[in-house]
Amino acid sequence: MTLVLFTTLESEIRKQLELAYPEEGCGLLLGRVEGERKIVVHAEGAKNNKESERTRRYLIGPEEYERISKLALSQNLEILGIYHSHPDHPSRPSDFDRDAAWPWYSYIVVAVAKGVSKELTSWTLASDRSRFDVEQIERE
Ligand SMILES: [Zn+2]
């Protein structure tokens, strides 16, 4: 699968995650699947519901998840994955991210250094859950 990310949406994601700095920001990628392409059409920011350590952890709680699921349904979109930031850390998923990950979802991770977004990468969980593989991003 390839993740198709319009540059306007990429900017939107980066802006949201910069605003969350120095905490981790997060949200859900909504869109459509066409053949081997996951096309992102909306990036819905979510509240980081983690009770502590929000500078290095995030949690999308059940209420936020339900709110965004309903939004997706009402617009005939699917949840394609999750994006979140790593404040002052590389855009590489952590072991914590891997343990919490679901198969098939795309996981966009953005490094935000001193409040400025840097590298953006996308990952998918290997079917045996042992690792994340880099997912190709097609920018349009
Ligand atoms: Zn992470």
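One-based numbering, in listed order, for ligands and for the atoms of each.
In this structure, His84 and His86 have perpendicular ring planes: the angle between them is above 60°, well past the 30° mark. Ring orientation note: the planes of Trp102 and Tyr65 are tilted relative to one another, at an angle of 30° to 60°.
Sorted by chain and number, the protein atoms of type N, O or S within less than 2.8 Å of the Zn ion (ligand 1) are His84 NE2, His86 NE2, Asp97 OD1, Asp97 OD2.
Partners of Lys15 by side chain to side chain contact (heavy atoms under 4.5 Å, CB included), not counting sequence neighbours, listed by chain and number: Glu12. Legend: residues meeting side chain to side chain contact (heavy atoms under 4.5 Å, CB included) with Thr55, ordered by chain and number and at least two apart, are absent.
Between Glu18 and Ser117, the side chains place a donor N or O and an acceptor N or O closer than 3.5 Å (distance only, hydrogens not considered).
The stretch residues 70-79 participates, sequence neighbours left out, in these side-chain hydrogen bond (donor to acceptor under 3.5 Å, both in side chains) pairs: Glu66-Lys70.
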